[in-house]
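Beneath this line is the structure, given in structure tokens, with notes to follow.
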Amino acid sequence: MAAVGSGERVARAEEALRVYGLSEEGWRRSPSGNLRELLTDLLQWCDATQHGFERALVAARAQREAESPGAAEVAEVAGAAGGAIGAAGTESAGSAGSAGSPGGVGSA
């Protein structure tokens, strides 16, 4: 399998988020609101299909770090700047009941 560059990954993510932005309610949400909706849908999908969201997230972070030297330092800086957001995201990601609650990760 060929390695995917970060530019291609960003383009694919933007395409997925564009779909959310084009939805009936999506055009009213901010980009971070659409990101929150996508993540909530992925959490629900993982619950419905018995896939581990947290395990997949850990593996994705490790893959990004392996593909993008220096990504860990950027994540550390972002984590330090948004520690409260990161803590809320971890809490809500582990519980299907709170995953879709207002005020979660990416609240506008």
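For the atom pair CG of Leu39 and CZ of Phe53, the computed distance is 5.5 Å after rounding to the nearest 0.5 Å. Interatomic distance, CG of Leu22 versus CG of Leu17, reported as 11.0 Å (0.5 Å rounding). In this structure, the separation between CD on Glu37 and OG on Ser32 is 11.0 Å, given to the nearest 0.5 Å. Atoms CZ and CG, on Arg36 and Leu43 in that order, are 12.5 Å from each other to the nearest 0.5 Å.
Applying the side-chain contact (heavy atoms from CB on, under 4.5 Å) criterion to Gln63, with sequence neighbours excluded, gives Arg9, Glu67. Residues meeting the salt bridge (Lys or Arg N to Asp or Glu O under 4.0 Å) test with Glu15, sequence neighbours left out: Arg18. In this structure, the side-chain hydrogen bond (donor to acceptor under 3.5 Å, both in side chains) partners of Arg28, at least two apart in sequence or on a different chain, are Glu25.
Here the shortest heavy-atom pairing between Gly26 and Asn34 reads O-ND2, 3.4 Å.
Checked by atom type and distance alone, the side chain of Ser23 pairs as donor or acceptor with a backbone atom of Tyr20 at under 3.5 Å.
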